[in-house]
Amino acid sequence: MKTLRLIMGDQLNRNHSWFKQVDEQVIYCLFETRQDTDYIRHHIQRLLAFFAALRDLAKFLQSEGHRVVYLKIDDLENKQTLTENLSYLIEKHNIEKFEYQQPDKFGLDKRLKAFCDYLSIASKAYGTEHFLSERDELEEFFDGKKQFLMESFYRYMRKKHDILMDGKNPEGGQWNYDHNNRKKWKARHEVPPLKRFKNDISDIKADLDAAEVITFGRLGNSESDFPLNPEQASQLLTYFCNELLIHFGDYQD
């Protein structure tokens with residue numbers, strides 16, 4: 001069955017189960033639209049990093065053999081809204097089924113459900129696989145309970161996934177250290193310098209300029225400092241942990 005799968009800008013998970021198998025009948029679509037750039041005015045660095053990460057995933061999927069349709073902000077085929085682009089691709093590629101990952105935003109979730117109700121073809125929503133909990137798990141956990149305490153759910157999740165646990169007890173003997181975290185910062189150590197990346201985003205900047213997208217803020221050069229993919233994010237996490245040990249390993253109180 002010829003299937004169109006939508007990937008949105010906050011769903012850039014290379015490890016999603018969708019991508020485990022290459023299927024010629026499946027087309028992945030990713031969009032840069034005026035609907036995204038214009039609903040509020042964005043900082044130029046944020047928007048560039050956002051589109052750069054989106055393009056990075058598209059290139060990765062293509063390198064893995066997946067079929068990908070990527071519509072840049074200035075592409076002539078781009079209808080500039082999510083649902084119009086989807087409708088266009090469904091008709092162009094004779095799509096028989098539409099699939100998407102559940103969005104985190106309530107409004108977008110509602111809009112995609114309405115779009116699927118409108119379609120004359122089959123549709124299906126999948127989890128993003130970003131979270132330890134399922135979408136309805138919090139509601140189900142508190143169903144019938146008189147007290148809605150987040151600490152209860154937190155402990156439940158720790159036990160369920162065996163995270164920071166020593167058997168049935170919390171590792172270290174305490175469930176949380178909130179009391180310690182409320183203490184004032186004593187500024188005994190200098191904050192380590194930010195680890196910066198040099199991702200070339202000059203082509204995206206040129207596309208935004210050509211489309212006359214209005215932003216605010218300044219761009220120091222044609223590079224983005226932010227991590228754009230899992231490899232860079234891992235490097236940043238490692239750097240953070242190492243600096244934490246170097247600068248704060250002996251921190252008390």
Side-chain angles (χ1 to χ4, degrees), residues 1-42 46-47 49-51 53-58 60-61 66-73 75 77-145 148 150 153 156-157 160 213:
M1 180 177 289
K2 205 165 188 181
T3 302
L4 183 69
R5 285 179 170 173
L6 171 66
I7 302 173
M8 289 177 283
D10 58 353
Q11 299 174 344
L12 310 184
N13 178 12
R14 292 184 182 182
N15 295 319
H16 195 280
S17 56
W18 269 3
F19 310 135
K20 289 182 179 179
Q21 183 176 350
V22 175
D23 188 342
E24 274 294 313
Q25 291 292 97
V26 175
I27 300 174
Y28 294 95
C29 60
L30 305 90
F31 310 134
E32 300 170 4
T33 68
R34 298 305 296 253
Q35 190 174 38
D36 290 323
T37 62
D38 297 357
Y39 74 96
I40 59 169
R41 186 174 295 189
H42 298 276
R46 178 191 183 279
L47 195 56
F50 180 74
F51 283 172
L54 204 63
R55 294 187 185 190
D56 187 86
L57 179 66
F60 169 79
L61 293 177
H66 297 285
R67 294 181 64 187
V68 177
V69 173
Y70 191 98
L71 296 180
K72 296 181 180 180
I73 192 71
D75 282 342
E77 284 187 299
N78 197 334
K79 308 304 178 185
Q80 300 302 340
T81 73
L82 174 63
T83 53
E84 285 181 299
N85 277 336
L86 290 173
S87 296
Y88 169 71
L89 292 180
I90 287 171
E91 182 178 356
K92 179 181 178 180
H93 295 281
N94 298 312
I95 298 299
E96 300 170 280
K97 187 177 183 181
F98 169 63
E99 298 179 345
Y100 68 97
Q101 295 177 30
Q102 295 169 326
D104 298 332
K105 295 179 180 178
F106 176 78
L108 184 55
D109 188 47
K110 187 176 180 181
R111 193 159 75 245
L112 277 172
K113 287 179 180 177
F115 175 75
C116 290
D117 290 339
Y118 163 80
L119 290 176
S120 59
I121 62 174
S123 62
K124 185 176 180 179
Y126 288 79
T128 61
E129 302 176 11
H130 284 169
F131 305 100
L132 290 173
S133 62
E134 301 297 328
R135 173 171 278 207
D136 299 326
E137 194 165 3
L138 183 70
E139 180 182 5
E140 292 171 357
F141 177 80
F142 283 114
D143 184 39
K145 291 183 173 62
F148 301 98
M150 196 63 199
F153 186 72
Y156 157 74
M157 292 297 292
K160 176 184 175 181
V213 173

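Not one N or O on the side chain of E99 forms a donor-acceptor pair closer than 3.5 Å with the backbone of T3. Side chain of N13 to main chain of H130: no donor-acceptor pair is present (N/O by atom type, distance under 3.5 Å, no hydrogens or angles). The backbone N or O of G127 lies less than 3.5 Å from a partner atom in the side chain of H16, making a donor-acceptor pair. The main-chain N or O of K72 is found under 3.5 Å from a side-chain atom of D75 such that the two form a donor-acceptor pair. Panel note: side chain K2, backbone N94; no donor-acceptor pair is recorded below 3.5 Å. Proximity of a side-chain donor or acceptor of T83 to a complementary backbone N or O of T81 within less than 3.5 Å is not detected.
For K113, the NZ atom counts as loosely surrounded, since its 6.0 Å shell holds 12 or fewer non-hydrogen atoms of other residues, nucleotides or ligands. Crowding of K160 atom NZ: a count of heavy atoms from other residues, nucleotides or ligands under 6.0 Å exceeding 12. Atom OH of Y118 is surrounded by 12 or fewer heavy atoms from other residues, nucleotides or ligands within 6.0 Å.
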Test side chain to side chain contact (heavy atoms under 4.5 Å, CB included) applied to Y126 and S17, step by step: CA-CA 10 Å; Y126 288 79; S17 56; 5.8 Å; no
Side chain to side chain contact (heavy atoms under 4.5 Å, CB included) between F141 and S133: does it pass, once the steps are laid out? CA-CA 11 Å; F141 177 80; S133 62; over 6 Å; no
Could you check L119 against I90 for side chain to side chain contact (heavy atoms under 4.5 Å, CB included), going step by step and ending with a plain yes or no? CA-CA 10 Å; L119 290 176; I90 287 171; 3.8 Å; yes
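Residues M8 and P103 share a closest heavy-atom pair of CE-CB, 3.8 Å. Contact record, D104 with D10: OD2-OD2, 3.9 Å, taken as the closest heavy-atom pair. Between E96 and I121, the shortest heavy-atom contact is O-CB, 3.3 Å. For the residue pair R46 and H42, the shortest heavy atom distance occurs at NH1-ND1, 3.1 Å. Taking every heavy atom of both residues into account, Q11 and T128 meet most closely at NE2-CG2, 3.9 Å. Pairing each heavy atom of I73 with each of V213, the nearest pair is CG1-CG2, 4.3 Å.
Among residues at least two apart or in separate chains, there is no salt bridge (charged side-chain N to carboxylate O under 4.0 Å, His left out) pair with a member in residues 116-132. Residues in residues 77-90 take part in these salt bridge (charged side-chain N to carboxylate O under 4.0 Å, His left out) pairs, two or more places apart or across chains: E77-K92. The list of side-chain hydrogen bond (donor to acceptor under 3.5 Å, both in side chains) pairs with a residue in residues 18-31, not counting sequence neighbours, reads R5-Y28.
Within the 4.5 Å cutoff, the side chain of V69 has no heavy atoms near those of the L4 side chain. Side chains of F50 and T37 form no contact here, defined as non-hydrogen atoms less than 4.5 Å apart. Using a 4.5 Å cut-off on side-chain heavy atoms (C-beta onward), L57 and L30 make contact. Counting only heavy atoms from C-beta outward, the side chains of L6 and L112 approach each other to under 4.5 Å.
Between the CG atom of N85 and the CG atom of N78 there is a distance of 4.5 Å, given to the nearest 0.5 Å. Atoms CD1 and CG, on I7 and L54 in that order, are 8.5 Å from each other to the nearest 0.5 Å.
Every residue meeting the side chain to side chain donor-acceptor pair (under 3.5 Å) condition with R14, not counting sequence neighbours, appears here in chain and number order: D56, E231. Residues that satisfy the ring pair (Phe, Tyr, Trp, His ring centres under 6.0 Å) test with F31, not counting sequence neighbours, are absent from this structure. When the ring pair (Phe, Tyr, Trp, His ring centres under 6.0 Å) test is applied to F106, no partner is found at least two apart in sequence or on another chain.
In this structure, F115 has its ring center under 6.0 Å from that of F98.
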